[in-house]
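Because only heavy atoms are used, hydrogens play no part in the values below, and waters and symmetry mates are left out as well, while side chains stay in. Just so we're on the same page: letters track the sequence lines, and every chain starts at 1.
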Amino acid sequence: MNFLRNFGIAIDALLANKLRSALTMLGIIIGVGSVVALLSIGNGVQQSISRQITNIGTNLVTVVPGQVRITAGPPTSQGIRTATQVKPLTDADANAIRERVPNLLGVAPELTVNNVTVAFQREKILITARGVTLDYNRVRNLEIAQGRWFDQADDERASRVAILGSDAADALFGGLNPIGQTIRVGNAPFTVIGVTVPVGAGFAGNPDTSVFMPLQTAYRTISNARTASGARRVSVIYISALSSEDIPRVERAVAQVMRQQHAIREGAEDDFTVLTQQQFLSIADSITGILTLFLGAIAGISLLVGGIGIMNIMLVSVTERTKEIGLRKAVGAKKRTILMQFLVETITLSLIGGAFGILLGVGAALLVGATGIIATTVTLESIALAVTFSFAVGLFFGLYPANRAASLQPIEAVRYE
Amino acid sequence: MSELVNVYPSTSPEPQRDDPPIIEATNLTKVYKMGETEVHALRGVSLRVWKGEMISVIGQSGSGKSTLLAILGALDVPTSGSYKLDGREVASMNDDQLAEIRNQRIGFVFQKFNLLARNTALANVALPLAYAGLSDREAKRRAAEMLAVVGLGDRLHHLPNQLSGGQQQRVAIARALVNQPSIILADEPTGNLDSVTGKEIMALFHTLHRERGITLIIVTHDPNIAAQSERIIRLKDGLIEYAAQEVQTA
């Protein structure tokens, strides 16, 4: 008795009770469908978060003041240190990194000033101003949609030139061409020389709602922030490594330079934190991984219910077909042959249900994705998982009814009415 | 003429033969548990059958004749006693060995035909061959041959409900014969048929018996059928009755 024959018998038996088979399948269809759909939502969220992290820049190593520990677990007392222990970063730190850490793509300190009023004629918006260096657009993966990025001369002369984020440009100018127009940032007039390509909100602020200017210009116009010793403050230093493999070396070297800069004694703790994208990614992945698992588990419950439905129907079917089973055994079917026949029947039922479920799930995922509220990504893994699940459900929930069928005595064929 | 037989015949003597019997049952008992009560369907039946015999098993309902046939057909196992088929002890066989006996050595014909309703005559007859491991093609070829033997060569692709009762029983007989067993066991094979069709089926059994040398054991309550066989075994209350003739109205 080969598999194909059993498959033929299974199809025949399922067709004998079309409505019942369809209703039984419905449980699996909904179960598998929700597994596929919810996993696609989980995966979509995971991917969009990963994309946001990657959008911060290329092979990015970030230095922030104070000691920040990011963990996926519950917050602890070590979470963030008090501000009194924070020593600010300075442009001297950035220069030291640039000079003493070899083989970098770029070092880009940023002075961030939140809630700066930017005005063009009568339009006024409140956005984040970022005083940055020449390297910044390269380090942060910012592309220019219109106009240009500032050049060395602008930086040295502290020219009052501004590059607007795409949303900021839209808000100020609407359909007008912003290039060459004069805007006010704070109280100072600036000439708009460029607009960036939209990138969306990320983990390090949203460039789209920012105005960028040369660092030296920022010191003269919007923030004269200095440390106690008189050095120029920067809010954060972005460093771009040449490759992702080089990130650990850069991370170590930067930390070493920073300790020297801040004169931290041997054994004392850092008063700054070096963060890598990889850290962000792994934290985000572990959070979204839990989310995906959670969604999958909820969907798994409906699959379980579907499986119980299959078992229920198969038990009814075995009772109804006592005479058929007895007859098959009477003409020489062995126990395992009958077992296989019924197992193949349940597995066929759940696999066909699974196939429809995948269609339903993919459809639902596309529909959810089309609304634009949540990103969805149907992965091959989730489909493979769904197929494996429906096979396993068929096997698991089919085993008991099949075993019951196989254990029937052939004499039942004669006796059962 | 046979309608005039009003006397229930009693158990015939064993034939005097030198060859070993193909069936040798000794002291078979069968006890069913129906809830709290025990039903003693067989209480010690001993019986020998030789190759090529045509035997009728008679007795009133509840006498244990169907139970005996089920045990001889390896559809059921005795509670105690020994059953040797071709010298091999069947009573102690495991499930798989019993399945093989049912598949290869014995053909069973039921009162209610027991055909698979959604399978054609051909597929029904091919079923034991499929379980014997034959290829689909070979199984169908041999099934078609056997259907021709029982006179249904032109009904291969009919479903059971497209066939008359007599034709269905012929399909069932073809199914019993298709693996070329040495013994055919039939439980009231004409019980669901009208008398004319019943006679045709009996004629088919006679032909198979005569031409193929098949050993036939037929359970019946019809004295006319019993009268056609070479030997009669009469059961009463789970025992073979050897007593002198009793007179009963049929």
Chain A heavy atoms under 4.5 Å from [X]: which part of the residue, side chain, backbone, both or neither?
| X | result |
| --- | --- |
| B:D136 | both |
| B:D96 | both |
| B:L98 | neither |

Could you verify whether a donor N or O on one side chain and an acceptor N or O on the other, from B:H221 and B:E188, lie under 3.5 Å apart?
->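 Result is yes, a qualifying pair exists.
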Going by atom types alone, do B:D187 and B:S66 pair a side-chain donor with an acceptor below 3.5 Å?
->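 The criterion, which ignores hydrogens and geometry beyond distance, is satisfied for B:S66 and B:D187.
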To the nearest 0.5 Å, how far apart are CG in A:N312 and OG in A:S317?
->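 OG of A:S317 is found 11.5 Å from CG of A:N312.
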Identify the residue among A:L359, A:L366, A:L360 that makes a side chain to side chain contact (heavy atoms under 4.5 Å, CB included) with A:V362.
->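 Between A:V362 and the candidates, side chain to side chain contact (heavy atoms under 4.5 Å, CB included) is satisfied uniquely by A:L366.
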Contact winner vs chain A - B:E100, B:Q111, B:R175, heavy-atom pairs under 4.5 Å =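 Between B:E100, B:Q111, B:R175, the count favours B:R175.
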